[in-house]
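Reading through the structure tokens given below for one structure.
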There are 2 protein chains.
Amino acid sequence: MDDSVDTPLDRQIAAFRRFTRFYTRHLGVLREGLLDSPYPLTEARVLYELAQAPDLGAADLARRLGLDAGYLSRILRRFETDGLLAREPVPEDGRRATLRLTEAGRQEFAVLDAASRGQVRGLLARLPDAARRRLVAAMRTVEALLDRDAPAPWLIRPLGPGDGGWVVESHGRLYAQEYGWNAEFEALVAEIVAAFLRAHDPAREGGWIAERDGVPVGSVFVVRQDARTAKLRLLLVEPEARGLGIGRRLVEHAIGFARGAGYARMTLWTNDVLVAARRIYEAAGFVCTAREPHTSFGKDLISETWERALTPE
Amino acid sequence: MDDSVDTPLDRQIAAFRRFTRFYTRHLGVLREGLLDSPYPLTEARVLYELAQAPDLGAADLARRLGLDAGYLSRILRRFETDGLLAREPVPEDGRRATLRLTEAGRQEFAVLDAASRGQVRGLLARLPDAARRRLVAAMRTVEALLDRDAPAPWLIRPLGPGDGGWVVESHGRLYAQEYGWNAEFEALVAEIVAAFLRAHDPAREGGWIAERDGVPVGSVFVVRQDARTAKLRLLLVEPEARGLGIGRRLVEHAIGFARGAGYARMTLWTNDVLVAARRIYEAAGFVCTAREPHTSFGKDLISETWERALTPE
DNA sequence: CGGAGATACTTGCCCAAGTCAACGATCTGC
DNA sequence: GCAGATCGTTGACTTGGGCAAGTATCTCCG
């Protein structure tokens, strides 16, 4: 049924859609289990939100649940006439009214809530504890990765298990994709990383990962070139995480470390095609001191050496 | 709001329900994105099932999608009058008729399918590759745990850009996690991978990735030890993908390649703590020929050499 | 200050989505 | 050969929810 080339991304898309279909069906089943309740799904959701987050206005609620304002208005009126809901006008805004459950409303909700909780308990009880934990962790992961209206916070942390491999993987993947470099480059990165992992003086050398949502999105290394010169290496930021200033912060972090480690200057080696990195280096006070054509990674390139002094703070 | 004792199970239940609410909202958003399509959600789902699994009867379909038989009957009639659907009576059962999309139906579906796929692609494109992989893996985990009999298709493919790095990353991460090995091991793997990427004879050496849903879940390499001896290396299967026979198939694949490349025997090096791998090697006809204590990766270990003959097919 | 445009909420109108019950045709097991 | 299930259809009905117009209020900006 598929005539297109089947890339990993296509397979990821297929997996995503299969999950969506799966969960649609799953939600249908959950819903049926609660059929004896007098409230249809949407009303139950409204009740739930009202119980969880009091002092909402109707518009907030509609946005939160993705409901039509008109439809919601009717539901709320019904709740009100049934004595489940009270509205209080907001003094500072004549249009709005905060919604609050009455005691009766809270009781109705408690019944509903207990039923739903019992249903989920029944589901979870069928799983061994380790599986339950994995399930919950996986759900959290999906949620965190899909729900990113708020720009996810990120941090810089030292290298941990697997991170060296990630640096190799991301360099190999990205430089192949963006510049067409071949496996020779991935091999070079692997050698650099291997040498670093094999032996480095933590006082004078270091590697760091920029991480967002528990996922690596960038890297930078500082290694010793000679007693007075630090070398910056393996700076990378995933395309999807660019524009957040992560690259700049990584370089600043590296400079700070090198300064603290007592180096007098810092150098780095790059290629002229890497224009985004170039701007970061310039902004960080580096100056290009040498350019040299070479043939590597399956391409004709011009390598560049950049340098800057490190004066103690 | 909660007066009950808060056990881990309660928190798991709460997380489960939060995810369910989250995904309900998420589905609402996905649905809105496809509003311009002429088919409402349910009809689209029916179309989808028909395209995926041909030769269903109406009752099968209703069960699969959790739809009312009467409602479905009407939808199907509409499809039929629109020329999207053909019914064929089943000879051995006069009540049933198998449903099959016509050429026009398949085309309608293709349009719908492309739109949905494009929407998901847009969502995934916002994520860095590592995050995409984690997302898909997490979805797969949820699915597998909630629906024990969900089959998981996977395949074995040659190494591509970034895969060498993934091999380093997964080895470093897993052996640290499962056996507490230190960065020396990740360094060793990086060196092996670097040497392989740097130069290998494709006729006599190879590396492969087991991939599921576009996510790497396993690896195996064959390298030359001497003219007559192949060496199997870097066999690994992610914990989430174990128990599916992937390890066995990777070893079989490696043996098949080595045999085709003209080697007379195959050898491999492992450690006695890796009990799962041991069983795979035994089943594949390997015999342990030497054991030797050593101290590596921050642990006292016993290394093992295994061998088997390779007779031409 | 005043007017343009947003926002909060309501209402009427409408159709899509789904339920329920009854019905004929056919199959399966005893 | 009959009871009971299953497949599929139909008519009558309820519910869920989208859309657009309208009122009242607020906010921003010249």
Side-chain angles (χ1 to χ4, degrees), chain A residues 24-25 27-47 49-50 55-82 85-100, chain B residues 24-25 27-50 55-82 85-100 112:
Chain A
T24 300
R25 216 163 43 234
L27 287 170
V29 174
L30 283 184
R31 190 176 169 180
E32 262 173 42
L34 294 175
L35 266 191
D36 43 349
S37 127
Y39 297 97
L41 178 63
T42 308
E43 296 187 13
R45 290 175 69 203
V46 171
L47 213 46
E49 284 299 323
L50 287 173
D55 301 353
L56 290 172
D60 306 321
L61 200 53
R63 263 193 303 272
R64 238 177 219 249
L65 295 174
L67 292 179
D68 179 76
Y71 180 36
L72 180 61
S73 175
R74 271 181 279 260
I75 291 177
L76 292 178
R77 191 180 43 206
R78 204 164 340 131
F79 281 175
E80 210 175 354
T81 60
D82 289 354
L85 181 68
R87 303 165 107 116
E88 257 174 72
V90 175
E92 64 270 24
D93 188 337
R95 299 167 303 177
R96 315 186 40 178
T98 57
L99 308 166
R100 200 162 302 170
Chain B
T24 301
R25 214 162 48 234
L27 288 170
V29 174
L30 283 184
R31 190 174 167 180
E32 262 172 44
L34 294 175
L35 266 190
D36 43 350
S37 129
Y39 297 97
L41 178 63
T42 308
E43 296 187 14
R45 288 175 71 204
V46 171
L47 214 46
Y48 187 93
E49 284 298 324
L50 286 174
D55 301 353
L56 288 172
D60 306 320
L61 200 52
R63 263 192 304 272
R64 237 178 221 250
L65 296 174
L67 292 179
D68 179 77
Y71 180 36
L72 180 60
S73 174
R74 270 181 278 262
I75 291 178
L76 293 178
R77 190 178 45 206
R78 204 165 339 132
F79 281 175
E80 209 176 354
T81 60
D82 290 353
L85 182 67
R87 304 166 107 114
E88 257 176 71
V90 175
E92 64 271 23
D93 189 337
R95 299 167 304 177
R96 315 185 40 176
T98 57
L99 306 167
R100 200 162 301 168
L112 219 67

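Chain A is the first sequence line, chain B the second, and so forth, proteins listed ahead of strands; every chain is numbered from 1.
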Integer-rounded Å distance: dG11(D) P and Arg74(B) CZ: 8 Å
Touch class at under 4.0 angstrom, heavy-atom based, for Gly70(B) against every strand present: base
Among dG8(D), dT10(C), dA17(C), the nucleotide that comes nearest once only the side chain of Arg96(B) is considered: dG8(D)
Closest nucleotide among dG16(D), dT10(C), dG18(C) to the Arg87(A) side chain: dT10(C)
Atom-pair distance (CZ on Arg77(A); P on dA8(C)), nearest Å: 20 Å
Atom pair distance, as rounded to whole Å: CG in Leu72(B) and P in dG18(C): 11 Å
Sub-4.5 Å side-chain heavy-atom contact between Glu49(B) and Asp60(B): no
Rounded distance (nearest 0.5 Å) linking atom CZ of Arg25(B) with atom CZ of Arg45(A): 7.5 Å
Among dG8(D), dG18(D), dG18(C), the nucleotide that comes nearest once only the side chain of Asp68(A) is considered: dG18(D)
Side chain of Tyr71(B) - closest among dA12(D), dG8(D), dG18(C): dG18(C)
Candidate nucleotides dA25(C), dT10(C), dT10(D), ranked by approach to the side chain of Arg95(B) - the nearest: dA25(C)
CZ/Arg87(B): more than 12 non-hydrogen atoms of other groups inside 6.0 Å: yes
Arg63(B) vs dT6(D): side-chain N/O to OP1/OP2 distance below 4.0 Å: no
Sugar-phosphate, base or nothing in reach of Ala59(A), heavy atoms under 4.0 Å: sugar-phosphate
